[in-house]
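Accompanying notes for the structure given below.
Worth knowing before you read on, the calculation uses all heavy atoms, side chains too, and leaves out hydrogens, waters and symmetry mates.
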Amino acid sequence: MSENQRNLEAGLLLNKNRNDINECRITVAVLFSTFVSVCGSFCFGCAAGYSSVAQTGIINDLGLSVAEYSMFGSIMTFGGMFGAIFSGKVADLIGRKGTMWFAQVFCIGGWLAIAFSQDTIWLDAGRFSTGFAVGLFSYVIPVYIAEITPKHVRGAFVFANQLMQSCGLSLYYVIGNFVHWRNLALIGLIPCILQVVTLFFIPESPRLLGKWGREKECRASLQLLRGDDADVSEEADTIKETMVLFDQGPKSRIMDLFQRRYAPSLVIGVGLMLLQQLSGSSGIMFYVGSVFDKGGFPSSIGTMILAVIMIPKALLGLILVEKMGRRPLLLASTSGMCLSSLLLAFSFSFRSYGMLDELTPIFTCIGVVGFISSFAIGMGGLPWIIMSEIFPMNVKVSAGTLVTLANWSFSWIVAFAYNFMIEWNASGTFLIFFSICAAGIAFIYAMVPETKGRTLEDIQASLTDFLQ
């Protein structure tokens, strides 16, 4: 072998090692950008937990009926539907950062309206406004994180979205037992203001900048995210080549999603969102206090137990998502929700017949804690991770809008109907949730692919024939 050949091979090996190091590096910029974006997830968690802990205070102070409070609790998800309709388009027009700023206008306005409301009109208007904000957040946050993080940690970082939702939920489950509902609404402003300020210090998504044709800014964003001494040319070129291929294709319209080549991605995305909501998660989380009361377990103690358990469970999910992978974790999470729903169905059935009166409150606590813990470890965050990975950039706007809309639409249906279903037949309600979770296990096993450790471009190419 000649000296030149040896030098060439050594140079190629050095470049390969440098690229591998760059891919494995987690910079301060990536960590900080992720933290700033998931401040919106924390707002989401606070809003989700608020309706459970504020229920007694609001009903007593404003004289609301069960139907009126069900409207208040569920109207956040109705606002989320409208946020979902505009989420993809807004995120593409004004950027991921701009969308988070835009969402915080509605979130801050919503909390203020709730805090100072004197009747149901302002109460519902504030809740709707907050819902519109979290509808935007639910799309833009996982998409932004997926677009800025290295592929080997993308799942764990996007799962931070679910972790921070759990943190917000746990915080409100704890302090809601001691803080007046008006002050609780004002506390919700703190993470909103924090995100508004810190958004000034993070970069825009390099993939979005590439889609906009701003190549120089795309490389600058990548350089900041990967480190000053990192070679980002390969990643930047991949983004550019992908965007060129997208530009050569037809422009995306909502009806394009129903082409055969996008069918697998669409079925997986919508299917997981429907499973997430029809499993009863929104109803249990929004009105968990009433579930404990119905089962004869003290709601104040129950919410404290949930607050203690939820964050470690979400942390466990964040660790396992890159260890186990998306698919096994989804199966384990859904199986836990399935068994917990069955236990709750038996618990309420025994209680209705006056059997095992001493044990049914314990069964209720175990069932609720088991369901929410299983949800937090996988099903709460993984559908959003997978949604952010499976759709190519040319249809991500319309696909993300449709998938997020499906999620919020069924969330509203479940959240509004939940109190009435529990009053109708608590045992039957949880048997329905059990059946849906059981069907979900079969769906995940048959349809959902593993996306761990693969680039976004590779995942999308495997699910469509667009790049082939």
Side-chain angles (χ1 to χ4, degrees), residues 42-81 83 106-135 165 168-192 280-295 297-304 306-307 368 372 408 411-423 426:
F42 192 85
C43 297
F44 187 170
C46 293
Y50 182 81
S51 59
S52 176
V53 293
Q55 183 168 355
T56 302
I58 292 177
I59 288 176
N60 290 339
D61 289 355
L62 300 182
L64 272 62
S65 65
V66 172
E68 286 173 329
Y69 196 81
S70 292
M71 176 58 73
F72 168 72
S74 65
I75 203 169
M76 186 184 93
T77 56
F78 194 66
M81 288 169 52
F106 291 92
C107 201
I108 291 171
W111 281 124
L112 289 172
I114 292 171
F116 297 104
S117 62
Q118 298 298 325
D119 52 41
T120 56
I121 295 175
W122 282 103
L123 199 67
D124 290 346
R127 187 77 169 163
F128 179 88
S129 180
T130 307
F132 184 83
V134 297
Q165 286 181 30
L169 203 61
S170 295
L171 175 68
Y172 267 50
Y173 280 169
V174 172
I175 66 174
N177 290 314
F178 314 106
V179 179
H180 190 268
W181 62 271
R182 293 190 189 275
N183 295 330
L184 204 59
L186 293 175
I187 291 171
L189 295 172
I190 296 173
C192 302
S281 58
S282 290
I284 294 175
M285 292 228 213
F286 286 7
Y287 309 110
V288 70
S290 64
V291 180
F292 282 125
D293 290 336
K294 191 82 173 174
F297 193 88
S299 59
S300 59
I301 298 174
T303 53
M304 291 289 283
L306 283 175
V368 171
I372 293 182
W408 283 105
S411 178
W412 174 70
I413 292 170
V414 171
F416 183 73
Y418 186 81
N419 279 331
F420 299 104
M421 290 175 69
I422 287 290
E423 291 297 324

With sequence neighbours left out, the residues meeting ring-ring contact (aromatic ring centres under 6.0 Å, His included) with Phe128 are Phe82
Contacts of Ser411 meeting side chain to side chain donor-acceptor pair (under 3.5 Å) (sequence neighbours excluded), chain-then-number -> Gln277, Ser282
On a heavy-atom basis, the closest approach of Tyr287 and Ala415 is CE1-O, 3.2 Å
Between Thr130 and Ala47, the two heavy atoms sitting closest are CG2-CB, 3.7 Å
Smallest heavy-atom separation, Cys192 atom then Ile108 atom, equals CB-CG1, 3.6 Å
For Trp181, the side chain to side chain donor-acceptor pair (under 3.5 Å) test, sequence neighbours excluded, returns Asp61
Geometric class of the Phe416/Phe420 ring pair [parallel <30°, tilted 30-60°, perpendicular >60°]: tilted
Hits for ring-ring contact (aromatic ring centres under 6.0 Å, His included) against Phe72, two or more places apart or cross-chain, chain-then-number order -> Tyr69
Sorted by chain and residue number, the side-chain contact (heavy atoms from CB on, under 4.5 Å) partners of Asp293 (sequence neighbours excluded) come out as Ser299
Sequence neighbours excluded, the answer for side chain to side chain donor-acceptor pair (under 3.5 Å) partners of Thr77 is none
Contacts of Met421 meeting side-chain contact (heavy atoms from CB on, under 4.5 Å) (sequence neighbours excluded), chain-then-number -> Ala417, Thr429, Ile432
Ile301 meets the side-chain contact (heavy atoms from CB on, under 4.5 Å) criterion, sequence neighbours left out, with Phe297, Pro298, Ile305
Residues at least two apart in sequence or cross-chain that pass side-chain contact (heavy atoms from CB on, under 4.5 Å) with Val291, listed by chain then number, are Phe348, Val368, Tyr418, Phe430
Any chance you could lay out the side-chain contact (heavy atoms from CB on, under 4.5 Å) test for Tyr50 and Arg127, step after step, and finish with the verdict? CA-CA 10 Å; Tyr50 182 81; Arg127 187 77 169 163; 4.1 Å; yes
Residues Val288 and Ser52: closest non-hydrogen pair is CG1-OG, 3.2 Å
Can you give each donor-acceptor pair under 3.5 Å made by side-chain atoms of residues 110-124, sequence neighbours left out, with the distance rounded to 0.1 Å?
unit_1	atom_1	unit_2	atom_2	d
Ser117	OG	Ile114	O	2.9
Asp119	OD1	Ile121	N	3.1
Asp119	OD1	Trp122	N	3.2

